Amino acid sequence: MVAATGHADTSVGHVELIKAVDRALTTHGRAVLTGPAGAGKTELVRAVAAAAASRRETVLRLAPEAADQWIPEASAAALLASVPCAAFEQLSGPQRTAIALLCRETEAPRAGGRDHVALRLAVVEVLRTLAARHPVLLVLDNAQWMDAESTGLLRFALRLTPPRVRVLVAERVQDGAPVGESLCGPGTPAVRIPPLGADEVAELLVRHGLPARLAGRIHQASGGNPRLALALGHSFAQAAEARDGSAHHADALPVAGQAREVARRLLAEVPAEARRTLLLAALAARPTTALLRRAGRPDAEAELAAAERAALVRVEEDGTVEFTAGALPTALAADAGWPERAAGHAALAEAVGDPVQAVRHRALAVDAPDQWLAAEITEAAAVCRRLGRRALAAELGLLAAERTPSWLPGEELARLVTAAEDAGWAGRADLARRATRAVLARDASPADRVRSRLAVIDAAGQALGTLDETFAYAMADAAGDPSLQAAVQLRMAWKHNLSDGDPVRARDAAARAGALAALGGDQVAEAMALTVRARMGRILGDPGAEAILAEALALPAPEVPLGMRNAPQYLAVRHALFDDSLDDARRQLMVLLPAVQRTGSAEDVFEVLRSLTEVELRGGRCEAASARARQALELTIEAGLSPGPAWYLAAMAEAAGGSFARAAGYARRGIQASREERDQVFLSRSLHALGLVELATGEAAKAVATLRRVAELEAAQKVADPSILRWHGELAEALVAADAPDEAARLIDPVRTVAVGLGRTGVVAALDRARGLCLSAQGDADAAVHLLEATAHRFETLGLPLERGRTLLTLARVERRRRRRAPARAALTAAAEVFGRAGAAPWAELAGESAAGEGTRTESAAAAALTEGEARLALLVSQGASNQEAAAKLFLSVKTVEARLTRIYQKLDVRSRAQLATALAKRNAPA
């Protein structure tokens with residue numbers, strides 16, 4: 001089996017898969033393409049056929065439908081009907097008659113029947129005739145639907161065809177003997193279409209005009225099946241349009257319409273008995289083969305094996321059953337009638353060992369109000385709440401409210417409000433909205449209405465910019481109650497910072513919240529308000545921010561109902577991170593992590609994982625950072641959180657310890673998602689991650705453009721403290737690489753003054769690294785080397801190994817520019833060692849490539865005098881780019897390109913583009 005990456009959906013591209021198919025066809029003349037329904041086989045087959053046609057090959061394509069499998073010789077007739085008439089001219093009389101009979105062009109003789117031998121030989125002769133003129137590609141799509149007679153006929157013919165007849169068979173994964181192997185013979189290379197990854201689902205959605213922020217959840221719901229992924233995306237978009245365009249990233253993905261139909265087609269691959277077992281698995285929270293047997297499916301193993309062969313489920317060694325696509329259990333439950341679902345839940349209630357799940361199944365097995373059952377469900381929800389399983393608590397709370405009799409309206413309302421708050425804790429916007437709609441439809445008090453609306457806000461994650469109406473109603477309902485007003489004002493402060501990008505308004509709203517909380521005697525809310533003020537003060541460069549944080553920390557700190565991410569203890573950790581006190585930050589985070597996991601707040605857990613990732617990255621522990629980033633991304637998808645922050649985190653982890661290419665992909669998705677959710681804070685961060693990758697990979701002009709956008713956003717958000725998002729040094733380095741050292745120096749000086757005044761030692765060191773590049777570009781190489789050596793030592797003292805390694809790389813570049821090859825090699829070797837110890841694979845590769853270049857390349861004095869910007873332009877022009885093309889690629893004006901080319905010609909003593917190409921070739925000739 002040949003495994004291949006890349007996928008057959010036209011919107012994603014299938015370069016790698018086409019290469020795998022081409023290799024198989026070139027080597028063996030035969031290839032089988034397999035995958036479940038909707039995997040993209042047909043699109044890939046079309047792409048391969050189009051490529052063959054463009055090479056002037058004769059392409060014969062057969063694509064039977066499901067009904068064709070019951071019509072003898074239907075597929076063979078359809079194939080021959082597509083063959084050019086000229087191919088039949090050399091056939092003998094009996095052969096022509098056999099084909100005419102097959103294609104129903106003449107009546108069968110009354111005696112003797114059909115000459116099957118003549119028909120088989122005729123097909124062989126037709127293929128040979130075609131191959132004598134041009135190479136032939138025979139494409140059989142949906143081969144699983146070929147009738148038995150056609151399969152036998154083609155099997156015979158393909159054994160006798162010349163090598164110029166190549167065969168590609170595409171078939172669906174299913175039970176029974178594979179048709180492809182039967183047609184092409186044993187040992188035929190098989191190319192399997194794997195599921196799309198989350199990254200590819202994101203690209204698929206964007207190319208079809210669907211929100212990128214849905215990618216994680218749609219990947220989980222579709223299992224990476226392209227057809228199902230697109231159907232789910234379109235269903236979500238249509239549901240949002242039906243609600244006047246209002247949709248949240250965590251709203252339930254509707255498995256309806258086309259999505260339901262695709263899911264049904266996938267499920268139809270297994271027999272009805274297996275689907276009954278799958279329905280039970282869909283109704284269970286944690287299905288296992290043992291549970292399904294106890295629930296009345298004695299043949300569960302065999303039936304699940306059939307489903308596993310159809311790529312519907314995975315069965316682990318311990319018997320755990322997991323659906324490959326989250327939409328499948330939803331479709332199974334939706335298509336089953338109420339009696340069947342009720343019977344399934346009743347059977348599971350008797351079979352499960354978990355008392356909470358037993359209560360849940362008993363509740364779902366009936367649809368009538370039951371006072372005592374509602375009380376049992378409420379108690380089960382309380383158990384889940386104590387265990388930190390807030391999402392399940394919210395589901396049970398809603399179920400308890402539904403089972404509460406109408407003569408107990410007070411109990412029903414209390415259960416709904418509690419369910420909304422549990423959903424807010426869990427970040428389950430869909431459940432929070434559902435509970436809140438139910439509360440607002442009843443005669444609820446203003447306090448209950450406020451609590452429910454606050455739950456919707458708390459569950460919204462980064463998408464607070466879409467909740468203006470919710471805030472307005474919450475403020476109106478909170479009138480006259482200082483504590484409720486304080487709670488609403490606190491959330492307004494978060495919105496002003498996150499969505500509006502306005503820390504001044506956020507600080508003022510927090511001040512109002514603090515005053516109201518003090519008036520209402522709510523010290524916890526008062527501490528939260530002081531925390532927001534301290535956070536905004538740090539952003540605004542207020543030296544008094546630490547004093548405000550100390551005041552917040554002095555207040556009582558019980559378990560925080562508004563979230564640990566908004567508690568003073570957590571802000572103290574963030575400040576330690578900003579101040580490069582990494583050991584302190586890590587120690588406190590390891591205390592907070594189990595605490596937030598117990599509360600059941602998905603957003604709190606994510607925030608702690610985010611800070612742990614950043615601490616590990618700055619501390620040079622790339623492997624640990626990558627593991628934390630993966631945890632954060634998995635949690636984001638599982639809990640339905642806003643994906644922008646998780647994608648930013650993944651981008652930074654990849655940029656340090658994974659792959660620059662993957663980092664850029666994550667950063668772009670983070671940018672897209674943050675724009676969709678109007679999240680200004682993480683838009684800046686994802687842009688910074690992308691700019692860092694562009695700088696590292698030598699795309700200086702792009703890095704300048706990207707990081708200037710960061711500068712604009714940070715200025716609009718009034719961010720004054722340069723330690724929060726350290727983009728300044730990167731932009732200055734990109735400007736130097738783009739041949740603008742004077743502009744870089746003008747950027748560095750004022751920021752450095754602020755950083756020195758605030759005591760931001762790590763920021764000052766990063767700016768000094770950029771300043772060293774400026775000095776080198778301005779001709780003061782000695783001062784540059786002295787500054788960079790001192791900066792590398794400072795980073796070592798601060799315990800920031802990746803920054804030290806980057807500084808050593810910069811030092812090597814400066815030494816190389818002044819043709820001091822031994823010191824350049826020494827700096828590169830030291831950088832490679834630093835990156836190697838940290839597990840910073842892409843940076844270690846950069847250092848290794850540069851070191852190899854030092855050992856195998858020589859430069860003329862004139863060539864060495866070119867700046868990096870000049871060298872890039874010279875390379876483009878020498879490769880044939882016009883001035884206009886070079887200007888577009890380097891983001892420069894044509895006039896700038898012309899002026900820079902004049903300097904390059906003077907430095908290299910050349911007068912034409914041909915001489916320039918020769919000079920560069922000599923420059924790069926092996927020593």
Side-chain angles (χ1 to χ4, degrees), residues 382 385-386 388 390 393 417-418 420-427 432 446-460 464 471 474-475 477-478 480-498 506-538 545-575 588-589 591-605 607-608:
R385 197 174 301 115
R386 288 194 296 272
R390 295 276 186 158
V417 173
T418 303
E421 291 182 324
D422 283 331
W425 266 97
D448 284 340
R449 293 199 297 271
V450 173
R451 288 170 60 194
S452 298
R453 286 190 165 111
L454 292 180
V456 170
I457 294 169
D458 291 342
L464 296 175
F471 276 108
M475 283 298 296
D477 284 334
D481 188 324
S483 294
L484 289 177
Q485 288 177 307
V488 178
Q489 285 290 344
L490 263 178
R491 289 160 175 85
M492 286 294 297
W494 303 337
K495 174 188 176 293
H496 288 322
N497 178 48
L498 192 63
R507 180 193 60 194
D508 295 345
R512 290 193 294 273
L516 288 164
L519 185 63
D522 188 343
Q523 287 189 309
V524 172
E526 189 178 357
M528 298 299 98
L530 287 167
T531 301
V532 176
R533 285 179 56 199
R535 178 178 288 141
M536 297 307 104
R538 177 86 187 213
E546 296 301 326
I548 297 173
L549 178 57
E551 187 180 348
L553 287 166
L555 288 171
E559 184 179 349
V560 184
L562 299 180
M564 181 59 73
R565 63 194 178 281
N566 302 304
Q569 300 94 317
Y570 182 67
L571 184 59
V573 173
R574 295 295 297 172
H575 283 199
Q588 294 176 61
L589 286 167
V591 173
L592 290 179
L593 183 58
V596 295
Q597 287 173 331
R598 284 194 299 271
T599 68
S601 168
E603 282 206 83
D604 281 354
V605 175
E607 273 297 320
V608 173

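One-based numbering along the sequence shown. Model, not experiment: these values are computed from the prediction.
- When all heavy atoms of Phe471 and Leu464 are compared, the closest pair comes out as CE1-O, 4.2 Å.
- Among Met475, Arg453, Arg512, the single residue meeting the side-chain contact (heavy atoms from CB on, under 4.5 Å) criterion with Val488 is Met475.
- Atoms CE and OG1, from Met536 and Thr531 in turn, are 10.5 Å apart once rounded to the nearest 0.5 Å.
- Formation of a donor-acceptor pair under 3.5 Å by the Arg538 side chain with backbone atoms of Ala534 is not found in this model.
- Looking only at side-chain heavy atoms (C-beta outward), Met528 and Pro568 come within less than 4.5 Å of each other.
- If you take OG1 on Thr599 and CH2 on Trp425, they are separated by 4.5 Å, rounding to the nearest 0.5 Å.
- Distance CD/Glu526 to CD/Glu551: 7.5 Å, rounded to 0.5 Å.
- Atom CZ of residue Arg507 and atom NE2 of residue His496 lie 12.5 Å apart, to the nearest 0.5 angstrom.
- Leu592 contributes atom CG, which lies 11.0 Å from atom CD of Gln597 (distance to the nearest 0.5 angstrom).
- Remark: Arg451 CZ to Asp458 CG distance equals 12.0 Å, nearest 0.5 Å.
- Applying the side chain to side chain contact (heavy atoms under 4.5 Å, CB included) test to Thr418 and every residue at least two apart in sequence or in another chain returns Arg385, Asp422.
- Proximity of Lys495 to Ile457: side-chain heavy atoms (C-beta onward) are nowhere separated by under 4.5 Å.
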